Amino acid sequence: MWTVKLREDVQWSDGTPFTADDVVFTYMDVIYNKDITTSTRDIITVDGKQWQVTKVDDYTVRFELPVKCAIFDLLIASEIIPKHKYEPMIRAGTFDSAMGADSKPEDIVGTGPFMLASYETGQKVVLRRNPLYWKRDAEGNRLPYLDEIVYLVVQDLNADFLRFRNGETDFTNIRGEDFPILKPLEREGNFKIYQLGPAYGSQFVVFNMNPGKSPEGKPYVTPYKRLWFSDVRFRQAVAYAIDRQTIIDSVMNGLGHPQYGPGTVAMGYFYNPDIKTYDYDLEKGRSLLRDMGLIDRNDDGVLEDAEGRKVEFTLMTNAENNQRTAIAEIVRKDLERLGMKANLRAIEFNALVTKLDKTFDWEVILLGLTGGPEPHWGANVWNSSGRIHMWYPYQKSPATPWEARIDEIFTQGFQELDRAKRKKLYGEWQAIIAEQQPYVYTAVTERLTALRNKFGNVFPAPIGGVLHNSEEIFLLEP
Amino acid sequence: MTSYIIRRILIALLMLLAASMLGYGFMKLAPGDYFDRLKQDSRVSQEYIEQERVKYRLDSPVYVQYLAWLSRFVQGDFGYSFEYKRPVAQLIGDRLINTLILNIAAITLTWLVAIPLGVYAAVHQYRPSDKVLSSISFMGMSLPHFFLALLLLYIFSGELQWLPAGGLKSVDYDELTTSGKLADLAAHLAIPVVVLVVGALAGLQRIMRGNMLDVLRQQYVVTARAKGLSEHRVVYKHALRNAVNPLITIFGYQFASLFSGAALLEIITSYPGLGFLLFNAVRSKDEFLVMGGFMMGALMLLIGNLLADVLLAVVDPRISYS
Amino acid sequence: MSQQAETVAAEQSNGQTESLSPLRLSLRALRRHRMAMHGFRILVVLYVFTIFADFFAPYHYDDQRRDHSYHPPLRPHFYDDEGNFSFRPFVYGSSYTFNDYYQRIYTQDRSKKYYLRFFARGQKYRLLGLLPTNVRLFGVDSPGRLYLLGADHVGRDVLSRVIYGSRVSMTVGLLGTSVSLIIGLLIGGISGYYGGTIDLLIQRLCELIMLIPGLYLLMILYSTLPAGLSSVQVYFGVVFILAFIGWAGLARVIRGMVLSIAKQDFVTAAVAAGLPGWRIIVRHVLPSTLSYAIVAASLSIPAYILGESALSLIGMGIQDPVPSWGNMLQKAVNISELAQHPWILWPGFFIFVAVMAFNFVGDGLRDAFDPGSVAGQQA
């Protein structure tokens, strides 16, 4: 049970006061409304039980949750929408088309520091200062300081980079290969490039360990290959064989970080640095495979098992992502040096997802996931019943002891309110994954933000970028 | 003639229908649908994905989906784009204007340059200048669009910084004067237009040259010369007019291309046109957008063909349709 | 020599009037077309590269040197630091480090020379697919490396990969066009010969296929290819996809020609003689269209080369590590990479040259075979 007290001085940008009514409305009439499609509902429903959100008084709301929830503060960061504007629409059934891209800016009402001023679809969005924003600075002045923020739609990373270089934009994220061109221009262009450590997300190789069969009775993965993939020594051997430094140097222009487990420094508080790492060591990899009985028996450069079957498989990745296909080619060559013959095939993302989620007819895939500081957002990936538990999704019960332990960790972690205990739990999770390597991680790029020097109170960060504290940013005097 | 046109229109409508079936069938051939990509996002619930799929009937058999789309399409409802969450008609309309601007500029420039060059080449046939022009035309025709675009972008935007980096308008476009706006548009259009013109120039120039040559061999030209008319009048007053006539039909074919965007070119120059829009739509299986764009393109092609045939009949009295 | 003089000469040599066949006349006109001959010579060179790629390329296309990432083009030296001249040119070893700006700075190790050799020993291969050998036209002693056109991001020699890439880009056009040509000849022939409803239906079908925008159809068809294919199979998949789209245009052209040919006397005679339809088409009508068909085909080869390049460029064609001029340009689309390593644009230049050569030859063929055109006559 949580009781949340609201600030009493907050107004919607059209002047109406923000009250508990809006909060209750958002949860009970919008999020839990069966006729409205929303992703949030599923996330805040546990075992089919909903939250009970009730008004205590105009500025107090009570949340009754069916289980203890460690991330309650994150979950209620869901946007609240104004009752006075949207209740009529819900009654009339027009809610779904309410905030479409053809709405008038004046109709989009919020409580944040900026409001929508205008937009040109596909080109730009202009935000202007909300004069009714509740936050004030230490001297009592109303924030925000800035009058206007203009977002330009990114069509192409090339154009984005060039626009910044030509002075048309004030900040942007750049790629590793943009750095050598931009860095020497820092003084002339009056900007600074911030190197913010590893970016979010991950790129990894995943092996199909799904023992199931298609409706026609054909196993998803050839059984002897599946046995190889399910052997932790096989996966660890691959981990030793991946030349992460080359990936960083050749694909990320030297601006990247090796990755061995699901978390990096970017994860912040929950990051566990004491996990198993895999330095580039082909011989170690080969000896692990030798223990499994995989040796090059006929000197053709490819390992075979005792029955003479070659270690050969198809490595797929998605064609749209140039960086990923470049990493895939390096990994393919690394596997060749290890003694495995990987046939590289880049296919459409949709086709890849269909394989991962519906037909399960794949062998090895190089893919990536986005990440974040809160491990629970990855529940769908790490729970053995999860749909993004790529190597063997939708399990009815955990297939291995370590997957069972991870299920436990995620259930406990969700309910554990003590932060330090949570950190220990998720630390264990990272250690298990690093040991078991169901995802063989490769490398992650360095987060690079280029920002002009004309602003004060800017603190670029890996999460939230530059504008996470937009209300405090101001223009310096020239 | 009128009955011919009417017959053609009826056939065209049938063709459109058949094309819509073919196009829809092909599009559905590729595995997966738009919402599959959402499955990879850990924070999107399964329920949401399923709800959306049912909402758009993606779980029904293909022919059911096709009929649903068709019935709405003929009533003028082109559906919504999954990706942009806007009506397809609006999206295409917005981008269409940009593509039109680009193509009109390119075609105008092409004709303005190709006609005189073709005449010049014909008049100076087989002399060095003709051969040089011929070679340059061929080179232009052979340059891959994407290669030339990259080269120009690298030189003029990357190295020299004379031209902007792509897109259609600068950030502060709205604050410019009218002449400022025109100049801004021109600067942004420069690279894509040049790429398109270079590619199209060769063909048109050679056809013009060929036509001119054919005309110059005709009896009436010989007669005109015999009558003592100046070479200048012979070429420019009589021959030219007749040589241009067949080109009118080419314009008919080009009508269709007015409305199509070269996807790769637009991607490289970040030009917000139709090609880019549809390319991404095909990639992400944004169905209604794909079908909307495809049908529009098909319609324009059919109109263009009809226009070309009609113009041919109008221009050349020897041809008549019954 | 003028036409007349030739004929006269023929008369004189065997005392009989002999006129040259249309084919010989056309070939003669072709030879006179200078640009076409230039194009032809370029194509010959390119095809020699294609057939003997292993011999001409100093390195195999998959030969990575990861410590030579983006190595700039290397010029062999004749003079060393002390000013000594050497008849045999040589290169130095190099390595790179990232400077503060994360630019790659290459330094050469002047202490050891690696000499350029002709008929050097390189990676093993099979000449013409049969004879195992390891002799390549030129190379430098290991572990030195020669990068005449620079190296890509994993240190693979661009020149070698361009040569190997010709195997894809030069054959895709020929193969795809041949398939389209065969289909187009048959369908166009049937359509034009029989006329009537068959003609109507077939023509509408052709128009239907031409209605669908090429690039999108290519993309969609590519995604229907099953995933477990080897690179050779993918190659043929791409060829068939291109041909699937291309035959319609050719069929229309053929049909137009067949329509006019079908009215000629020799066809009427064949019909009167009772020959079956298909035999008339294949044995009598189609051969007359052949010259025009070849012109149309050769003019469409560039479209196939460009189509494969575009597909590979967006990642939906030939896969790494097999090079095609298209997929080698994937990194060039990134303007920062291009600005720092402009040599990765070389494959685009080769595409341009190949397409131009085909255009010249096609144009020459068209002029030569078209009796009405001015170029076909005596200059």
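Note on naming: letters A, B, ... go to the chains in the order of the sequence lines (proteins, then strands), and numbering restarts at 1 for each one. All heavy atoms count here, side chains included; hydrogens, waters and symmetry mates do not. Predicted, not measured: the structure shown is a model, and the values here were computed from it.
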Looking at A:Asn321, A:Leu255, A:Asn318, A:Ile330, which makes the most heavy-atom pairs under 4.5 Å with chain C? A:Leu255

In terms of heavy-atom pairs under 4.5 Å with chain A, the winner among C:Gly155, C:Ser69, C:Pro321 is C:Pro321

Atom pair CD/CD1 of A:Glu348 and C:Ile314 - distance to nearest 0.5 Å: 8.5 Å

Worked verdict on C:Arg66 versus A:Asp249 for side chain to side chain contact (heavy atoms under 4.5 Å, CB included): CA-CA 9 Å; C:Arg66 294 171 172 194; A:Asp249 286 341; over 6 Å; no

Let me know if C:Ser336 has heavy atoms under 4.5 Å from chain A in its side chain, its backbone, both or neither. both

Gap separating the CG atom of A:Leu185 from the OH atom of C:Tyr101, nearest 0.5 angstrom: 9.0 Å

Any side-chain heavy atom of A:Glu329 within less than 4.5 Å of one from C:His153? no

Please flag which part of C:Val234 lies under 4.5 Å from any non-hydrogen atom of chain A: side chain, backbone, both or neither. side chain

I need the residue from A:Phe161, A:Phe313, A:Trp362 with the largest number of non-hydrogen atom pairs under 4.5 Å to chain C. A:Phe161

Salt bridge (Lys or Arg N to Asp or Glu O under 4.0 Å) between C:Asp320 and A:Lys333, worked out: CA-CA 10 Å; C:Asp320 245 347; A:Lys333 189 77 179 171; over 6 Å; no

Among the options A:Leu344, A:Asn253, A:Ile347, pick out the one with the most heavy-atom pairs lying under 4.5 Å from chain C. A:Asn253

Option in A:Ile193, A:Asn350, A:Asp243 with maximal non-hydrogen atom pairs under 4.5 Å from chain C: A:Asp243

With sequence neighbours excluded, give me every salt bridge (Lys or Arg N to Asp or Glu O under 4.0 Å) pair touching residues 203-227 of chain A. A:Lys225-A:Glu363

Part of C:Gln330 lying under 4.5 Å from any heavy atom of chain A: both

Atom pair CZ/CD of A:Arg337 and C:Gln64 - distance to nearest 0.5 Å: 5.5 Å

If the condition is salt bridge (Lys or Arg N to Asp or Glu O under 4.0 Å), which residues does A:Glu283 pass it with, not counting sequence neighbours? A:Arg286, A:Arg290

Write out, in numerical order, the residues from residues 172-184 of chain A with a heavy atom short of 4.5 Å from a heavy atom in chain C. A:Arg175, A:Glu177, A:Asp178, A:Phe179, A:Pro180, A:Ile181, A:Lys183, A:Pro184

Residue part contacting chain A, namely of C:Asp100, when any heavy atom lies under 4.5 Å: backbone

Do A:Arg332 and C:Gln319 pass the side chain to side chain contact (heavy atoms under 4.5 Å, CB included) test, and can you show the C-alpha distance, the side-chain angles, and the key distance before you say yes or no? CA-CA 12 Å; A:Arg332 183 204 67 84; C:Gln319 306 284 313; over 6 Å; no

Other residues, nucleotides, ligands: >12 heavy atoms within 6.0 Å of C:Phe236 CZ: no

Would you list the pairs meeting salt bridge (Lys or Arg N to Asp or Glu O under 4.0 Å) in which at least one residue belongs to residues 144-154 of chain C, sequence neighbours left out? C:Asp63-C:Arg145, C:Asp152-C:Arg156, C:Asp152-C:Arg161

Which portion of C:Tyr102 sits near chain A, non-hydrogen atoms under 4.5 angstrom: both

